Amino acid sequence: MSTEKEYEKGLETEADVKVLNPDDALQHDEAAYGHELEVTGEDLADAEERLATMSLERCRAIMKQVKEMHQHDQNFPAATLARIDTLLGDPDAAKDESLVREMKLEALLVTENSPYAEVRALVEPHDDPALPSLTLRVWIIGVLFSGIGAFVNQLFSVRQPSVYIYAAVAQLLAFPFGKLLERTLPDKSFTLFGRQHSLNPGRFNNKEHMLITIMATVAFNTPYTSYIVFTQALPFYFNQPYAYGFGYQILGSLGSNFVGYGLAGLGRRFIVFPSFCVWPSSLSTVALNRAFHTETNEPVPGPFGRIYTMSRLKFFLVAFTSMFVYWWFPGFIFEALSYFNWISWIAPNNMTLNNIVGGVNGLGLNPIPTWDFNNLTAFTWLPLTIPTFSIMSQFIGMWFAFFMIVAFYWTNTYYSSYLPINSNHIFDNTGTAYNVSLILTDDGLFDNDKYQQYSEPYMAAGNLTIYFWFFAIYACTISYALLNHRYELMHGFKGLWREVKRALKRGGDEDGEENLAEDIHFRLMRVYKEVPEWWYGIVLALAMIVGMVGVGVYPTNTTPVVVLYGIIMALIFMIPVGMIYAVTGVQVTMNVLAEFIGGSFAAGNALAVNYFKMYGYITTAQAMYFSSDLKLAHYAKIPPRHTFAAQMVATLISTFICTAVYNFQLGFADICTSDAAFQFTCPGENTFFTAAVFWGTIGPKKLFGATGRYKALLAGFPVGFAMPFLLWGLQRAFPRQKWLRQIHPVMICAGALNWAPYNFMYFWPTVPLTLVSWVYVKRRYLAFWSKYNYVLAAAWSAGIAVAAVVIFFAVEIPGVELDWWGNDVSFQGCEDSACVRFEIPDIGYFGPAPGTFN
């Protein structure tokens with residue numbers, strides 16, 4: 001069945017839901033093995049067909065590797081691991097026919113498909129190497145979308161509120177554009193580099209579609225260099241005229257962007273190739289791609305005793321359209337649905353009530369805090385795609401942090417009662433925003449006399465708490481990776497060493513252990529020529545050189561070695577962060593650690609801290625984005641060298657276009673001020689400048705040093721480092737408590753960071769949503785969940801993204817406003833201007849007197 005026919009069938013008016021017939025052939029006997037193995041009837045039937053090919057000896061060998069790879073993997077069923085232990089440890093296990101049969105089926109699922117139900121639901125366990133991917137259609141659409149998306153995102157990045165075009169929008173539009181070119185381009189062939197190519201190689205396929213999406217994902221991320229350049233160049237910041245030069249700007253942008261890509265390529269064996277690296281956050285993209293290109297529409301049993309026959313594409317279109325229409329209400333017409341702080345409406349001026357339940361300025365403790373799905377995406381991951389253990393561990397962490405914030409605030413720790421309870425801003429001793437310009441010389445350097453006359457910086461209770469947990473999560477990431485990912489790290493380094501030996505022609509893979517436990521997708525990708533490590537090494541080296549030239553040639557007063565220091569930090573954390581991200585769907589961001597280390601080594605030099613932050617924090621984050629795209633290509637079976645070419649070109653296009661745009665924006669009148677046209681007030685750049693002065697000019701020593709006010713928060717480091725070992729001890733002390741295995745200490749720390757300025761309003765609704773989807777529906781109706789869950793997540797996300805763009809250009813830019821109760825009620829009293837527990841003393845300030853500061 002063609003995609004067009006599937007599309008037409010998806011829109012037919014025939015019933016998409018049928019009453020379940022107990023004798024229906026779809027009622028495969030999943031109760032026998034399927035439920036325990038978390039497998040649909042279709043996948044189970046496929047495995048049973050191959051059952052005779054799996055010997056007990058091979059099954060044992062596979063299960064041994066499976067145990068080593070997945071014993072600490074929360075995504076892998078604990079019950080299956082227990083039966084693997086029985087198979088490997090019980091001498092009489094071979095006599096148990098039921099156990100042997102189940103383990104053989106599991107071995108076949110692991111090796112001929114995927115160990116995970118969510119991957120089996122979305123990724124086909126076969127490939128057609130003859131299917132074209134890097135076609136003329138990909139270059140036309142990919143380059144066009146990359147350029148447009150980079151231009152729009154960079155142009156409006158300095159606007160308040162900003163508008164951002166997500167890659168999901170490009171993925172949506174790529175399909176009709178691809179079909180258009182399929183029908184209009186001539187079917188003519190030509191020869192290039194000794195190979196024959198076609199202008200129109202036939203049906204627009206899923207590999208082309210995914211490659212365009214990958215190009216858009218790469219290109220739509222604007223370069224971090226813009227923050228540095230804006231704060232350097234503009235006169236009310238650091239006022240360094242050389243930063244206006246395009247040459248300086250492009251060197252920094254090229255260096256930071258391509259360093260991340262080089263690191264991602266070198267880390268593939270650790271965080272892309274292994275089957276345990278699921279990358280949950282990317283699965284909605286896979287689901288949307290499959291919805292457009294699948295040629296099957298299997299009926300599935302689901303809730304209410306029904307059979308559901310609606311195709312993925314039709315389900316996507318219905319969900320997308322519904323969310324597009326609905327989001328006009330919380331997004332524009334009735335904004336109280338977004339900030340549904342109904343408890344605050346009872347007494348909007350009550351300080352205690354609103355600091356606890358308020359959704360805007362409080363802690364958001366509200367059983368029904370929002371009707372806006374977009375609020376649940378505030379932490380950069382998509383609900384319905386993140387595993388239950390990750391969500392629940394974060395929820396635990398949020399409660400830990402909640403009680404810390406309340407304790408800090410109501411005991412006036414560090415004078416926090418004089419400030420808003422949950423702000424991420426820095427304040428002075430009068431409770432107003434810290435004005436960093438009052439402590440700088442005309443050259444932008446720290447002036448201690450001005451500092452003594454002005455104020456020390458102060459942080460709100462919410463900000464204090466997240467700094468503690470930032471320190472904790474960095475130490476926890478390292479200790480958790482070493483304790484629970486030892487096997488994967490060792491396996492990755494072995495593979496890298498074999499690759500090095502093969503490149504030096506001193507050996508090959510024959511001396512290595514066979515990867516019996518790897519999934520079918522890893523083996524299918526071995527058909528294609530891999531990108532050699534030295535290609536990525538060259539990209540990394542060239543990017544590093546370009547970045548160092550940008551720092552060294554211009555009068556930055558910073559040693560170019562700071563680039564190398566930042567890359568070293570990225571190298572240390574990239575693999576642990578990547579492994580955790582690939583399993584949990586949540587990224588550990590390195591910004592605070594980069595600021596902390598950079599500020600310690602380059603005290604008084606804010607610009608040096610910015611460079612260290614760019615090459616330490618941003619390159620790690622970009623390496624994660626690139627790795628996520630490499631996994632998408634891995635799932636779609638796109639030849640690695642095609643992905644390499646597409647990512648390189650898209651990154652290059654984005655870098656030059658974004659740099660040209662922000663170079664142009666620097667010439668706008670009143671840019672980054674309250675008088676700027678089009679509301680180009682640069683909120684991100686203002687925050688970046690404050691952070692640069694806070695960490696670079698004032699420095700961590702004054703804040704966290706031996707005499708620093710906040711030195712006690714450094715206890716987060718040992719606490720975080722100890723958490724995985726504490727959990728490890730509890731798991732061994734109480735081996736029957738299987739729920740302990742589902743607790744992820746890094747995610748507890750990550751949950752504790754979901755504050756200031758966020759609160760329970762942005763996270764709590766995800767908990768029941770996840771429990772319904774991942775626990776209730778998945779366990780009872782796995783085939784139904786497999787077919788629709790990720791399509792629903794993609795549809796809702798895309799619907800909101802498109803609605804936001806339409807609202808922005810159709811009503812916000814023309815100045816259309818709806819001034820009524822439903823758009824005002826959420827921003828009254830303490831939810832309009834944060835209420836504080838203590839008023840500023842009559843002396844005019846709180847804390848130590850001026851002239852006595854540390």
Side-chain angles (χ1 to χ4, degrees), residues 25-121 125 274-276 389 484 486-488 490-491 512-523 728 730-742 778-780 782-783 786:
L26 289 166
Q27 294 270 10
H28 196 284
D29 186 15
E30 296 183 24
Y33 299 105
H35 181 71
E36 294 180 353
L37 294 174
E38 290 193 358
V39 59
T40 63
E42 183 180 357
D43 291 332
L44 182 60
D46 289 341
E48 286 177 333
E49 288 181 3
R50 299 183 176 92
L51 194 59
T53 66
M54 178 61 63
S55 67
L56 181 58
E57 292 73 18
R58 182 170 177 80
C59 177
R60 287 181 182 274
I62 291 173
M63 289 297 102
K64 181 180 178 181
Q65 287 193 13
V66 166
K67 180 183 177 181
E68 291 175 335
M69 180 179 293
H70 300 286
Q71 61 182 325
H72 303 295
D73 179 4
Q74 291 88 348
N75 286 315
F76 195 83
T80 302
L81 281 174
R83 289 190 285 276
I84 291 174
D85 286 336
T86 302
L87 176 70
L88 299 178
D90 187 349
D92 297 324
K95 300 176 183 179
D96 188 339
E97 294 183 2
S98 176
L99 176 65
V100 171
R101 178 180 173 84
E102 183 180 342
M103 289 296 95
K104 285 184 177 182
L105 288 171
E106 179 66 33
L108 286 165
L109 287 170
V110 168
T111 57
E112 300 299 328
N113 204 314
S114 169
Y116 308 102
E118 49 268 37
V119 177
R120 293 195 296 267
S275 61
F276 79 89
F389 77 87
N484 295 295
R486 300 187 305 274
Y487 173 82
E488 295 91 332
M490 179 184 67
H491 193 70
E513 183 182 7
E514 183 183 359
N515 296 325
L516 296 174
E518 281 299 355
D519 62 14
I520 189 66
H521 310 297
F522 175 80
R523 299 201 307 277
W728 181 86
L730 289 174
Q731 289 171 348
R732 276 146 187 79
F734 305 99
R736 294 185 179 181
Q737 303 300 317
K738 300 301 181 184
W739 61 270
L740 285 171
R741 179 178 177 271
Q742 297 303 107
K778 184 182 179 183
R779 288 182 180 177
R780 289 166 176 78
L782 181 59
S786 299

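What you see below is based on every heavy atom in this structure, not just the backbone, and it leaves out hydrogens, waters and symmetry mates. Because the structure is predicted, anything quoted here is derived from the model rather than measured. If you read the sequence from its start, that first residue is 1, and numbering goes on from there.
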Quiz prompt | side chain to side chain contact (heavy atoms under 4.5 Å, CB included) evaluation trace for Leu108 with Thr53 | solution = CA-CA 9 Å; Leu108 286 165; Thr53 66; 4.3 Å; yes

Taking every non-hydrogen atom, the tightest pair across [X] and [Y]:
| X | Y | value |
| --- | --- | --- |
| Phe389 | Gln742 | CB-O, 3.2 Å |
| Leu88 | Lys64 | CD1-CA, 3.9 Å |
| Pro125 | His521 | CA-CE1, 4.1 Å |
| Thr111 | Ile62 | CG2-CD1, 3.8 Å |
| Val110 | Val66 | CG1-CG2, 3.9 Å |
| Cys59 | Met54 | N-SD, 3.7 Å |

Run the side-chain hydrogen bond (donor to acceptor under 3.5 Å, both in side chains) test against [X] and tell me which residues pass, sequence neighbours left out.
| X | value |
| --- | --- |
| Asp85 | Lys67 |
| Asn75 | none |
| Glu57 | none |

Quiz prompt | Ser786 and Arg120, any side-chain heavy atoms less than 4.5 Å apart | solution = no

Quiz item: Any side-chain heavy atom of Leu105 within less than 4.5 Å of one from Glu102?
Solution: no

Quiz prompt | Side-chain donor/acceptor of Gln731 to backbone N/O of Leu740, under 3.5 Å | solution =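 At least one qualifying donor-acceptor pair exists.
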
Spatial distance of atom [atom1] ([X]) from atom [atom2] ([Y]) [nearest 0.5 Å]:
| X | Y | atom1 | atom2 | answer |
| --- | --- | --- | --- | --- |
| Leu56 | Leu87 | CG | CG | 6.5 Å |
| Ser275 | Asp73 | OG | CG | 8.0 Å |
| Met63 | Thr86 | CE | OG1 | 13.0 Å |
| Leu782 | Glu118 | CG | CD | 9.5 Å |
| Asp46 | Leu51 | CG | CG | 12.5 Å |

Quiz item: Do any pairs count as a ring-ring contact (aromatic ring centres under 6.0 Å, His included) and have a residue in residues 74-121, sequence neighbours left out, and if so which ones?
Solution: His70-Phe76, His70-Tyr116

Quiz item: Do Asp519 and Glu112 pass the side chain to side chain contact (heavy atoms under 4.5 Å, CB included) test, and can you show the C-alpha distance, the side-chain angles, and the key distance before you say yes or no?
Solution: CA-CA 6 Å; Asp519 62 14; Glu112 300 299 328; over 6 Å; no

Exercise. Might you work through the side chain to side chain contact (heavy atoms under 4.5 Å, CB included) test for Met490 and Tyr487, ending with a clear yes or no?
Key: CA-CA 5 Å; Met490 179 184 67; Tyr487 173 82; 4.1 Å; yes

Quiz prompt | With sequence neighbours excluded, residues passing salt bridge (charged side-chain N to carboxylate O under 4.0 Å, His left out) with Glu488 | solution =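 By the salt bridge (charged side-chain N to carboxylate O under 4.0 Å, His left out) rule, Glu488 matches no residue at all.
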
Exercise. Show your working on salt bridge (charged side-chain N to carboxylate O under 4.0 Å, His left out) between Glu48 and Arg101 and close with a plain yes or no.
Key: CA-CA 9 Å; Glu48 286 177 333; Arg101 178 180 173 84; 3.2 Å; yes

Practice problem: Tell me, with the steps shown, if Met103 and Val100 meet side chain to side chain contact (heavy atoms under 4.5 Å, CB included). | Solution: CA-CA 5 Å; Met103 289 296 95; Val100 171; 5.9 Å; no

Quiz prompt | NZ/NE/NH1/NH2 to OD/OE distance under 4.0 Å, Glu106 and Arg83 | solution =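 Not counted as a salt bridge, because no side-chain N and carboxylate O are separated by less than 4.0 Å.
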
Quiz item: Under the ring-ring contact (aromatic ring centres under 6.0 Å, His included) test, which residues partner Phe276, sequence neighbours left out?
Solution: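 If we apply the ring-ring contact (aromatic ring centres under 6.0 Å, His included) test to Phe276, skipping adjacent residues, the hits are His485.
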
